[in-house]
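See structure below.
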Number of protein chains: 2
Amino acid sequence: MARWQPDARGRLAAAAFELFRERGFEQTTVTDIAARAGLDKRTFYRLFGDKREALFSGGEQLEAVLVKAVTETGAGPFEAVVAAFRLVADEIFADRLELVRMRQSIIASSAELQERELRKMSSLTAAVAAALRAKGLSATTAALATESGVTVFRVAYARWVAPDSDASLADLIAEVAAELRTITSAPG
Amino acid sequence: MARWQPDARGRLAAAAFELFRERGFEQTTVTDIAARAGLDKRTFYRLFGDKREALFSGGEQLEAVLVKAVTETGAGPFEAVVAAFRLVADEIFADRLELVRMRQSIIASSAELQERELRKMSSLTAAVAAALRAKGLSATTAALATESGVTVFRVAYARWVAPDSDASLADLIAEVAAELRTITSAPG
DNA sequence: ACGGTGATGTCACAAGGCGACATGCCCCTC
DNA sequence: GAGGGGCATGTCGCCTTGTGACATCACCGT
């Protein structure tokens with residue numbers, strides 16, 4: 001029953017998000033999610049590889065923006081990656097603090113979700129590093145610049161999401177990048 | 001049958017490693033592993049939280065060595081973490097290249113295992129950062145130094161494991177650390 | 001020999017995930 | 001406007017993961 005539901009993917013993702021918040025990730029079954037969206041369990045699995053994937057819906061977009069920004073800039077590799085994340089901060093995250101906090105608290109509640117988030121970050125990193133390599137950088141340099149940039153983002157993001165924070169994500173990224181430079185510069 | 005098998009944990013881990021290599025991780029069921037070790041599926045789950053955990057047996061040791069090294073050194077935070085990884089490289093990895101390569105090729109074959117490895121790294125990172133904080137460093141500095149150090153290790157490790165490499169892991173770590181400094185030092 | 005303790009085996013079961021097939025909807029064509 | 005192809009969805013059944021509850025058996029001290 002209820003065939004042809006428009007935007008099945010979006011409705012499933014939304015249903016999943018709601019249920020994860022209401023009962024927690026582990027207490028929610030895929031059948032529950034499908035039921036709330038008015039669809040079948042099997043349909044869920046055709047649209048998402050996984051129960052966890054329902055929480056990582058918009059992620060592809062992020063990778064696209066990052067790769068584009070990194071590719072088009074002329075700055076040094078590390079600066080390029082940091083700048084790309086600042087762009088992402090403004091374009092994608094800036095006006096979604098509350099949503100991001102809810103999402104993050106769901107993720108924090110489940111080891112499975114943490115693993116998945118880590119993998120998403122990892123594949124993002126790989127994509128950015130590939131973009132840098134495509135510009136002629138060595139594999140090692142590309143990997144280092146990318147991972148360092150991601151580290152900066154990760155730390156800034158953690159501070160941004162923290163309950164008592166009020167600075168903008170882009171500003172935090174700049175701050176953290178500056179501190180990274182300080183820490184790694186002194187050889188003694 | 002076959003009660004009181006000595007070193008059940010070790011035998012299960014060994015059986016798992018063999019089977020993962022013979023048939024691949026996904027084609028191996030927990031029942032298979034237990035059977036090869038002469039034990040029951042239920043016993044496996046009492047000794048390992050997970051099918052994946054069987055591949056990450058010795059990991060606790062690594063964390064202990066790292067935390068101890070980081071705590072005892074007097075150098076700057078980033079240097080401390082890098083030095084700790086160099087120690088680990090000599091004490092734990094140096095004479096196990098072939099084993100590490102086999103393990104890595106198993107991990108590369110399964111997304112689930114990659115996620116688990118990422119999480120192991122992440123909890124390792126958290127432990128090291130906590131050790132730095134215990135020495136009086138700010139949360140941000142501790143996180144940055146640790147993550148940068150881990151990045152250096154990660155990149156060096158990837159090169160060490162690569163089929164055509166022959167440098168020692170400790171040397172690679174030093175090389176990569178130097179390059180990280182170069183990349184992050186130039187502000188323009 | 002006796003009872004206790006801890007490790008193991010047995011059974012049953014919920015949930016994740018997937019292959020195969022059935023069914024209904026929509027649109028295109030003649 | 002009837003027929004048919006194609007696509008999204010539903011149904012069914014299956015294997016595997018992971019866990020709770022309970023039965024056993026070995027070993028140990030006494």
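All figures in this text were calculated on a predicted structure; none of them were measured in a lab. By convention in this document, chain letters (A, B, ...) are assigned in the order of the sequence lines, proteins followed by strands, and residues within each chain are numbered from 1.
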Nearest-0.5 Å distance, CZ of residue A/Phe20 to CG of residue A/Asp32: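 Rounded to the nearest 0.5 Å, the CZ-CG separation comes out at 10.0 Å.
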
To the nearest 0.5 angstrom, please state how far the CG atom of B/Leu55 sits from the CZ atom of B/Arg116.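 The CG atom of B/Leu55 sits 10.5 Å away from the CZ atom of B/Arg116.
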
Does a salt bridge link A/Glu79 with A/Arg181, judged by any charged N lying under 4.0 Å from a carboxylate O?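 Judged by the 4.0 Å cut-off on N to carboxylate O distance, A/Glu79 and A/Arg181 do form a salt bridge.
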
With a 4.0 Å cut-off on N to O distance, would you call B/Lys120 and B/Glu117 a salt bridge?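 No, B/Lys120 and B/Glu117 are not salt-bridged.
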
Looking at B/Lys68, I want to see if its NZ is surrounded by more than 12 non-hydrogen atoms of other residues, nucleotides or ligands under 6.0 Å.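 Counting other residues, nucleotides and ligands, NZ of B/Lys68 stays at 12 neighbours or fewer.
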
In this structure, how many angstroms lie between the [atom2] atom of [N] and the [atom1] atom of [X], rounded?
X        : N      : atom1 : atom2 : value
B/Asp7   : C/dT8  : CG    : C1'   : 16 Å
A/Glu53  : C/dC18 : CD    : P     : 11 Å
B/Lys51  : D/dT19 : NZ    : C1'   : 17 Å
B/Arg52  : D/dT16 : CZ    : P     : 16 Å
A/Arg116 : C/dG17 : CZ    : C1'   : 13 Å
A/Ile33  : C/dA15 : CD1   : C1'   : 12 Å
B/Asp50  : D/dT16 : CG    : C1'   : 13 Å

Heavy atoms within less than 4.0 Å of DNA chain C: which residues of residues 40-49 of chain B have one? Give them sorted by number.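 Here the set is B/Asp40, B/Arg42, B/Thr43, B/Arg46.
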
Name each donor-acceptor pair under 3.5 Å that joins a side chain in residues 141-158 of chain A to protein atoms two or more places apart or in another chain, with its distance.
| from | atom 1 | to | atom 2 | distance (Å) |
| --- | --- | --- | --- | --- |
| A/Thr141 | OG1 | A/Ser138 | OG | 2.9 |
| A/Thr141 | OG1 | B/Glu179 | OE2 | 2.4 |
| A/Thr146 | OG1 | A/Ala142 | O | 2.7 |
| A/Glu147 | OE1 | B/Arg154 | NE | 3.4 |
| A/Ser148 | OG | A/Leu144 | O | 2.8 |
| A/Thr151 | OG1 | A/Glu147 | O | 3.0 |
| A/Arg154 | NE | B/Glu147 | OE1 | 3.4 |
| A/Tyr157 | OH | A/Gln104 | OE1 | 3.2 |

Under 4.0 angstrom, heavy atoms only, what part of the nucleic acid is A/Arg9 near: base, sugar-phosphate, or nothing?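 No contact.
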
